[in-house]
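Below, chain A is the first sequence line, B the second, and so on; all start at residue 1. Computed from a predicted structure; not experimentally measured. Side chains are part of it too, since the values below use all heavy atoms of this structure and drop only hydrogens, waters and symmetry mates.
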Amino acid sequence: MKKRNWMTLGIILTFLATAILAGCGSNDGGNGNGNGGTGGTNSGTNGGGNKDANGGANGEAASALGDIKSRGKLVVGVKFDTKLFGLKDPASGDVEGFDIDIAKALAKEILGDETKIELKEVTSKTRIPMLNNNDIDMIVATMTITEERKKEVDFSDVYFKAGQSLLVKKGSPIKSIDDIKKGTKVLAVKGSTSVDNIKEKAPDATVLEFDNYQDAFSALKAGQGDTLTTDNAILYGMAVQDPGYEVVGEPFTDEPYGIAIKKGSTDLLNSVNAGLKKLHDSGEYDKTYEKWIGKAPSGE
Amino acid sequence: MPDVSIFTDHFGIYMKGFGNTIWASVIALLGSFALGTIIAVFRISSVKPLRWIGTGYVEFVRNIPLLLVVFVFYYGLPSLGVTLSGFVCGTVGLMVYTASFVAEAIRAGIMSVPSGQSEAARASGLTYMQTMRHVVLPQAIRIVIPPLSNQFINLVKNSSVLSVFAGFDLMYYGDQVAGKTYATFDTYIFVAALYLVLTLPLSFAALKLERKLAKNG
Amino acid sequence: MDITGAFSYHNLIFVMKGFGITLWVAFVAIVLSFVLGSITGTLRYMRIPVLSRILGVLVELIRNLPLLLILFFTYFAMPDVGIKLGVMSSAIVGLAVFEAAMISEIVRSGLSSIPIGQIEAARSSGLTYAQTVWHIVLPQGLRRMVPPIVSQFISLLKDTSLAIVISLPELMHNSKIVIAQNFDYTLPILALVAVLYFAVNYALSLAAKRLENKWV
């Protein structure tokens with residue numbers, strides 16, 4: 001009798017596991033990643049698989065755009081933690097910002113409908129690996145165009161011009177990059193250009209790197225560092241979030257933002273650039289810019 | 001095959017992190033052993049409030065994630081006016097967290113010695129401390145060592161949470177190298193290898209010790 | 001500190017959503033790791049040539065690596081070998097594989113603790129080796145394994161928090177978003193998070209104790 005109990009238990013557990021495994025596969029898009037997307041439906045659970053299947057030696061470059069079209073959904077990697085560019089609002093659950101509006105406009109351009117989009121959270125650290133893994137079709141996430149990165153991904157035309165700057169608590173003795181002395185603790189984000197720039201411009205500083213902007217800003221608020229450095233546009237967003245902090249000094253680098261696409265996907269790149277051009281021509285770009293960046297304490 | 005040049009080109013960075021991981025582990029190990037022993041003594045104490053403190057500590061700390069413990073130290077303490085670096089918060093958090101498991105292991109070891117033995121020892125004129133030292137602890141240690149060595153291996157692995165708090169450990173510098181080379185897989189393969197250099201010998205030593213103790217027991 | 005602000009309706013809903021993801025991921029990973037760990041542990045115990053060896057090496061490798069690293073590998077390295085998973089599946093697979101290695105150790109040593117005499121007796125009474133393991137060794141061994149396995153489940157539930165490095169929107173991740181809104185929310189929100197983890201894990205450990213007392 002007892003032995004049979006054990007056997008039954010084993011069988012039930014195995015069944016349960018199989019059932020859950022199966023369930024989890026189809027649930028993934030919905031629970032894990034589909035959040036935030038206005039139309040984040042599950043219809044494309046197999047999208048990744050299809051893409052892999054086509055991504056053979058001949059396929060990748062030619063089929064990227066075709067894949068998106070046959071899937072009927074554009075999967076975009078955006079920030080979830082960056083005010084003004086891509087921020088997830090706990091109240092509504094929506095992700096909002098300049099990057100998001102650009103991404104939606106591109107979905108409209110490519111698929112004819114701005115709701116045919118899925119937004120996936122990326123950080124500066126995870127975005128390139130995610131793109132290369134076909135997790136996302138493109139990165140629209142405050143990403144600076146650099147020569148180094150051009151070796152890894154293809155960039156669209158510049159869609160935003162930022163420059164690196166410093167954020168400090170109001171009343172801080174740090175007024176510009178010249179005030180960063182030996183031992184000054186500068187907070188930055190892993191995998192961002194700001195880290196390399198600050199190490200070059202202020203080699204004496206102690207740089208502390210975090211996984212994302214939220215953590216870095218929380219660390220600044222917690223007094224774990226003297227200043228936070230990244231692109232001024234992102235910093236303005238933080239200053240909007242918490243008026244106790246301000247952006248100081250002139251920008252000390254040029255950070256032209258581009259949309260990153262997997263290397264060699266020429267057709268997709270072309271249609272992104274065409275989409276950006278249309279946005280500029282129609283004046284919609286200016287409207288979007290005004291909507292988000294116009295709010296900043298002192299525009300660009 | 002992973003690209004070895006990633007490791008050789010960034011050897012200095014890897015080693016910096018490796019060194020700090022060892023440092024954090026050693027400090028947290030000694031600290032958690034000391035703190036864990038105190039908590040264990042509290043837990044079996046005949047003084048009720050001490051027992052409550054000991055039990056409360058163990059039950060609470062081991063039921064919350066390490067990440068949360070360090071988070072409280074790093075982001076929470078400053079709002080009470082205490083600001084400590086990521087390395088310190090990570091190491092202290094690791095110590096506080098591991099101590100709860102160490103305390104449980106030590107308590108279980110001490111409890112495994114039949115109370116008749118210590119009563120007999122006390123009756124034959126030994127003091128409480130002498131009883132502990134000569135009768136209870138030598139036997140308890142045999143029970144305690146296997147779980148304790150497991151906890152310490154866990155501690156080394158868990159030290160990787162320092163990376164989330166800019167704690168300059170192996171994982172943190174691994175992130176830096178990955179950010180520079182964009183070779184995610186290759187970079188972390190070497191990070192993994194360095195962790196194994198620390199944990200595998202520890203595991204084997206623990207296994208050997210365990211077998212030896214089992215034989216002698 | 002701002003307790004009323006921190007515990008506003010929206011914030012609470014958002015944190016609880018994260019808690020839901022934590023529980024779901026932990027539940028699925030627990031079931032998977034238990035099945036996988038039991039099978040691996042039993043196979044290792046049975047000392048099947050080659051197979052048991054290979055499994056032994058795998059288990060040792062996984063057991064001795066930080067989970068943070070394993071999560072990173074499942075998310076970023078698996079696609080290199082053609083397996084592509086979403087954030088949530090990666091988290092589940094990473095957690096399940098890591099904890100399965102732990103559980104397989106528990107199972108193997110639990111089975112090994114059954115006296116050899118019993119096995120010999122069973123064999124001589126005509127049972128095959130597999131039958132002996134299934135009917136004699138497993139039921140007894142399982143009873144000894146319950147306490148360590150449950151603490152492994154508790155570990156797993158806590159370890160889901162590490163999935164923040166791949167941006168899984170679980171409890172810690174969502175709490176951080178709330179904290180980022182206003183620094184005064186930090187301590188109240190962290191306290192709430194601690195209470196949530198504690199409540200589930202403590203309940204689990206109490207259940208384990210009852211089970212243990214009933215059997216032993």
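Counting heavy-atom neighbours within 6.0 Å of R53(C) CZ, excluding the residue itself, gives a total of 12 or less. For M46(C), the CE atom is densely surrounded, since the number of other residues' heavy atoms within 6.0 Å is greater than 12. Counted within 6.0 Å of CG on L51(C), heavy atoms from surrounding residues, nucleotides or ligands total more than 12; the atom is thus considered enclosed. Remark: F7(C) CZ is packed, more than 12 non-hydrogen atoms of other residues, nucleotides or ligands lying under 6.0 Å away.
Using a 4.5 Å cut-off between heavy atoms, V156(B) makes no contact with chain C at all. In this structure, chain B has heavy atoms under 4.5 Å from both the backbone and the side chain of L65(C). Contact annotation for I179(C): only side-chain heavy atoms (C-beta onward) come within less than 4.5 Å of a heavy atom of chain B. For a residue to count as touching a neighbouring chain, one of its non-hydrogen atoms must lie under 4.5 Å from one of that chain's; by this rule L200(B) touches chain C with backbone and side chain alike. Residue contact with chain C, scored on non-hydrogen atoms closer than 4.5 Å, is absent for L202(B). If you measure heavy-atom distances from L157(C) to chain B, you find no contacts under 4.5 Å at all. Only the side chain of T184(B) comes within less than 4.5 Å of a heavy atom of chain C; its backbone N, CA, C and O stay farther away. For S163(B), the part lying near chain C is the side chain, with the backbone staying farther off; criterion is any non-hydrogen pair under 4.5 Å. Proximity to chain B (any heavy atom under 4.5 Å) is restricted, for F72(C), to the side chain, taken from C-beta onward. The part of L187(C) that comes within reach of chain B is its side chain, from C-beta onward, which places non-hydrogen atoms under 4.5 angstrom from that chain.
Residues S32(B) and F152(B) approach most closely at OG-CE2, 3.7 Å, considering heavy atoms. Closest approach of V144(B) and G109(B) over heavy atoms only: CG2-CA, 3.6 Å. Taking both residues in full, the closest heavy atoms of V113(B) and V136(B) are given as CG2-O, 3.6 Å, listed atom of the first, atom of the second, then distance.
The closest donor-acceptor contact from the side chain of S100(B) to the backbone of V96(B) lies at 3.5 Å or more, if one exists at all.
Most heavy-atom pairs under 4.5 Å with chain C, from the set Y195(B), F204(B), Y75(B): that is Y195(B). Chosen from T186(C), L162(C), L196(C), the residue pairing most often with chain B at heavy-atom distances under 4.5 Å is T186(C). Chain B forms the most heavy-atom pairs under 4.5 Å with one residue out of R63(C), K158(C), K176(C), M172(C), and that residue is K158(C).
Ring-centre distance between F190(B) and F7(B): below the 6.0 Å cut-off.
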